Amino acid sequence: MAKWTPKHEAPEPLEGPVVATITGGTILWFVLFLVQLPFYGWFDDHGHLWWLWTCLAGAGLGLIGIWYVRKRDAAIKRSREAGSPVAPVAE
């Protein structure tokens with residue numbers, strides 16, 4: 001099997017409001033969990049209880065994501081303030 005090689009360079013990563021995006025997604029997952037919670041019995045009767053736990057897992061992983069992106073943003077700001085260039089993304 002031949003190794004695949006790219007024909008062009010990858011585009012620069014998009015930077016945006018990462019912390020706000022992750023926070024919004026985490027809130028959305030938690031709200032979906034809360035909305036489904038009153039219907040626990042129905043989900044259990046129909047074999048769809050995993051929907052409820054998927055929303056809770058999304059909220060929990062989102063909390064980890066918020067912690068991670070806040071630390072990342074702080075490290076990038078410290079690096080810029082120190083005058084050193086931001087390290088390129090490893091390929």
Side-chain angles (χ1 to χ4, degrees):
M1 178 176 248
K3 183 179 176 194
W4 178 80
T5 56
K7 295 184 179 10
H8 53 81
E9 286 191 35
E12 290 293 320
L14 297 174
E15 289 294 332
V18 180
V19 176
T21 302
I22 301 300
T23 303
T26 302
I27 291 169
L28 180 63
W29 278 115
F30 191 67
V31 167
L32 288 171
F33 170 74
L34 292 177
V35 167
Q36 293 179 11
L37 199 55
F39 304 101
Y40 184 91
W42 185 90
F43 284 119
D44 193 24
D45 292 343
H46 291 86
H48 297 301
L49 199 54
W50 63 271
W51 289 7
L52 188 73
W53 302 125
T54 299
C55 292
L56 187 60
L61 291 172
L63 291 174
I64 295 169
I66 291 169
W67 172 80
Y68 178 81
V69 296
R70 289 186 69 202
K71 292 283 189 181
R72 177 183 175 267
D73 279 355
I76 290 171
K77 286 178 186 174
R78 278 194 312 270
S79 175
R80 287 187 180 148
E81 288 172 359
S84 60
V86 177
V89 177
E91 292 182 29

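Scope of the values below: all heavy atoms of this structure, side chains included, with no hydrogens, waters or symmetry mates. Just so it is clear, the structure is predicted and the values come from calculations on it, not from any experiment.
Aromatic ring pairs are classed by plane angle as parallel below 30°, tilted from 30° to 60° and perpendicular above 60°; the pair His48 and His46 is parallel.
Counting non-hydrogen atoms of neighbouring residues, nucleotides and ligands closer than 6.0 angstrom, the CH2 atom of Trp42 exceeds 12 such neighbours. More than 12 heavy atoms of other residues, nucleotides or ligands shown are found within 6.0 angstrom of CD on Glu15.
Hydrophobic cluster membership is shared by Leu34 and Phe39, with clusters built from Ile, Leu, Val, Met, Phe, Trp and Tyr side chains linked at under 4.5 angstrom. Grouping the Ile, Leu, Val, Met, Phe, Trp and Tyr side chains by contacts below 4.5 angstrom, directly or via other members, places Phe43 apart from Val35. Under a hydrophobic-cluster definition in which Ile, Leu, Val, Met, Phe, Trp and Tyr are linked whenever side-chain heavy atoms come within less than 4.5 Å, directly or via other members, Trp50 and Leu37 are assigned to the same cluster. Put simply, Phe30 and Val69 are part of two different groups of oily side chains (I, L, V, M, F, W, Y) that touch within less than 4.5 Å, one to the next.
Judged by distance alone, the side chain of Ser79 and the main-chain N or O of Ala75 form no donor-acceptor pair under 3.5 Å.
A heavy-atom distance below 4.5 Å is not found between the side chains of Trp51 and Thr54. Side-chain contact between Leu56 and Leu52: absent, with no pair of heavy atoms (C-beta onward) separated by less than 4.5 Å. You'll find the side chain of Phe33 reaches within 4.5 Å of the side chain of Trp53, heavy atoms only.
Distance check, rounded to the nearest 0.5 Å: CZ of Arg70 to OG1 of Thr23 gives 8.0 Å. Between the CG atom in Leu63 and the OG1 atom in Thr26 there is a gap of 6.0 Å [rounded to 0.5 Å].
The nearest pair of heavy atoms linking Gly65 to Ile22 is C-CG2, 3.7 Å.
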